[in-house]
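We count ligands from 1, going down the list as the structure has it; atoms in each ligand are counted the same way. Position 1 is the first residue of the sequence, and the numbers go up from there.
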Amino acid sequence: MFQLSKLIKSLEDEFIKNDITESITLRRSSIPSFDLQIDNLVKFQKHKNIKAIVNSFSKLIENEPLIKNFEVAKNGFINIEINLENYVFEIENIMNALKKTKKSKKIILDYGGPNIGKPLHVGHLRSLNIGRSLYQINKLAGNNVLNDIHLGDWGMPVAQIICYMEINNIDIEKIEIHDLESIYPKASKQYLEDNIFNLQAQELNKKLNENQKDVIKKWQKLRSISVESIKETLRILNHSFDLWMGESDVNNLIPLMLDDLKKDKKISIDKGAYVSNFESDPKVLITKSDGSYLYLTTDLATVLNRKDKNKIDKTLYIVDKRQKLHFEQLFNSIQYFQFDNGEYTHVEFGTVNDSNGNPFRTRDGDSKKLNELFEDTLSKIKSINEKLDEETSKLLANTVLTFSDLITNRKTDYKFDLDKFTRISGKTGIYVQYAHVRAKKLIQNSNINIDKVDLATSEMDDTDITLLRAFLKFEYTFSQALKNNEPHHLADYLYELSSVFNSMYQNVNILENKNTKLKLNKLKITKHFVNYSKLLMQSLGIQPIEKM
Ligand code: ARG
């Protein structure tokens with residue numbers, strides 16, 4: 001916590017004097033009468049100087065003006081109550097300080113990852129939501145961030161579509177996105193069931209890899225129809241990408257990459273296929289026996305390409321947890337092949353199921369399309385509140401799709417339950433938007449310039465204090481989300497703040513209150529709430545609404 005950084009430094013220095021190298025962490029306390037806790041002393045209970053250390057710690061804490069009260073428990077836990085009077089609640093100050101604590105990193109976020117020929121569907125929802133939130137969180141933390149949609153736009157699936165169209169005399173110049181969407185499942189089915197088609201598609205894939213002019217022309221058309229439709233859905237869902245790279249962008253880098261790996265004796269031939277010489281079970285396959293490339297081959301080439309073009313410190317892949325083995329193999333290979341020594345992380349997530357817990361499908365058995373999911377959510381919102389204008393309803397639909405997704409720990413699966421997610425009470429996106437709008441309205445209606453108001457802590461009631469103390473948890477919560485790539489900490493916290501704000505709001509009539517000091521305090525605290533809630537929404541990828 002930046003306002004306590006001097007104290008933290010002195011505590012760490014005290015540790016050093018006793019030959020302990022340890023960074024002090026302030027966590028949020030779960031004890032109601034305390035705000036923060038330090039548990040660094042717990043594991044040093046057997047240290048020969050523990051008594052002296054506890055003493056020096058106590059003195060240092062006692063002399064800290066920001067701390068009102070504290071206790072050191074027997075097992076070494078230190079519980080701290082903050083002096084609200086001396087605390088700076090301005091979120092801009094907190095964010096600025098937060099940015100300065102770490103060196104800015106160049107980070108690439110690989111998420112979305114749709115394959116061309118198929119529409120965006122419910123399987124893409126979490127990658128998009130988590131990806132966008134981590135993008136925002138990292139930006140707010142002062143990092144230099146890029147997001148790349150990493151299209152699946154090359155290889156067998158694409159060859160199957162083109163081959164299918166050739167055989168059935170479908171003129172690619174004339175097709176539209178809905179034709180394409182119906183071709184894809186037919187082509188992949190036939191590829192599995194029909195040997196002749198299978199061979200033809202492989203033949204076409206070869207031509208694609210040889211960059212034959214007529215095939216490339218068809219591929220370009222196919223790609224552009226698909227990308228246009230993907231962009232349209234992303235626009236509705238309020239997503240955007242800095243980079244629109246894909247598997248096709250690195251295909252021509254692969255032969256050279258393989259040559260180098262052969263030269264360096266990092267891969268060898270096994271029954272016609274290339275496998276990595278890295279000891280592992282199963283062995284890591286780099287190419288297939290017919291020489292064709294795998295998902296892994298492309299991801300390895302992408303690593304080289306990004307390193308070359310973007311000079312990256314850290315790469316996050318926001319991809320379904322079912323691809324765990326793939327990313328383990330990728331990261332091991334990056335190390336073993338000495339491609340890069342940057343940080344690579346698989347930010348894995350669970351599945352979105354329907355409200356009964358089954359795979360989320362349409363009546364025809366296809367995965368639910370994201371634009372349809374959006375439409376369903378929008379209609380639901382309109383049916384609940386008919387008076388809302390179109391713009392607000394759309395923002396709320398996106399809020400629901402985002403908030404209900406991010407509030408779940410990303411590693412667990414969840415059921416998509418539209419009734420539950422659109423409720424006005426409970427942990428919903430609607431609830432947090434409602435609290436936010438209510439707070440903004442209160443300030444507007446007061447006609448007071450709140451920026452000029454100072455908090456008078458002597459005039460506060462319990463609900464004011466509870467809300468102020470809830471603000472204290474911001475820094476820790478934000479850094480947890482950042483460190484663990486887990487937006488749910490922030491979603492949970494936004495709900496907590498909103499509900500504490502609602503209690504404060506409902507406690508007394510604020511605008512009509514005769515006690516001016518109390519009223520001004522409440523308005524000032526409300527203003528802080530608006531700022532915290534806005535920043536939390538921003539970090540979740542949610543746009544605050546103006547009216548409701
Ligand atoms: N297109 C892939 C799929 O549908 C996801 C891509 C994820 N990103 C990556 N670099 N592998 O499974």
Pair H239-N147, side chain to side chain donor-acceptor pair (under 3.5 Å): steps then yes or no: CA-CA 11 Å; H239 287 281; N147 54 3; over 6 Å; no
Given side chains that start at C-beta, do those of S355 and L418 come closer than 4.5 Å, heavy atoms only? no
Mode of D299 contact toward ligand 1 - side chain, backbone, both, neither (heavy atoms, under 4.0 Å): side chain
Protein residue, atom and distance nearest to atom 12 (O) of ligand 1, heavy-atom basis: Q323 NE2, 2.8 Å
Taking 4.0 angstrom as the limit, do K382 and E390 come out as a salt bridge? yes
Against ligand 1, does E247 come closer than 4.0 Å with any heavy atom? no
With the threshold set at 4.0 Å, does a side-chain nitrogen-carboxylate oxygen contact exist between E391 and K394? no
Mark up the atoms of ligand 1 that fall under 4.0 Å of a heavy atom belonging to Y317, in ascending order. 10 (N)
Using a strict 4.0 Å threshold on nitrogen-to-oxygen distance, state whether K288 and D290 make a salt bridge. no
To which protein heavy atom is atom 8 (N) of ligand 1 closest, and what is the distance rounded to 0.1 Å? D110 OD1, 3.0 Å
ring-ring contact (aromatic ring centres under 6.0 Å, His included) between Y191 and Y164, intermediate numbers included: CA-CA 9 Å; Y191 181 76; Y164 184 93; over 10 Å; no
Under the side-chain contact (heavy atoms from CB on, under 4.5 Å) rule, what do F337 and I286 come out as? Steps first, then yes or no, please. CA-CA 12 Å; F337 296 156; I286 304 294; 3.9 Å; yes
Atom 4 (O) of ligand 1: which protein heavy atom is closest, and how many Å away? N115 ND2, 3.3 Å
Distance filter under 4.0 Å to V319 heavy atoms, resulting ligand 1 atoms: 7 (C)
Any idea which atoms of ligand 1 are less than 4.0 Å away from a heavy-atom of F327? 11 (N)
Return the residue, atom name and 0.1 Å-rounded distance of the protein heavy atom closest to atom 7 (C) of ligand 1. Y295 OH, 3.5 Å
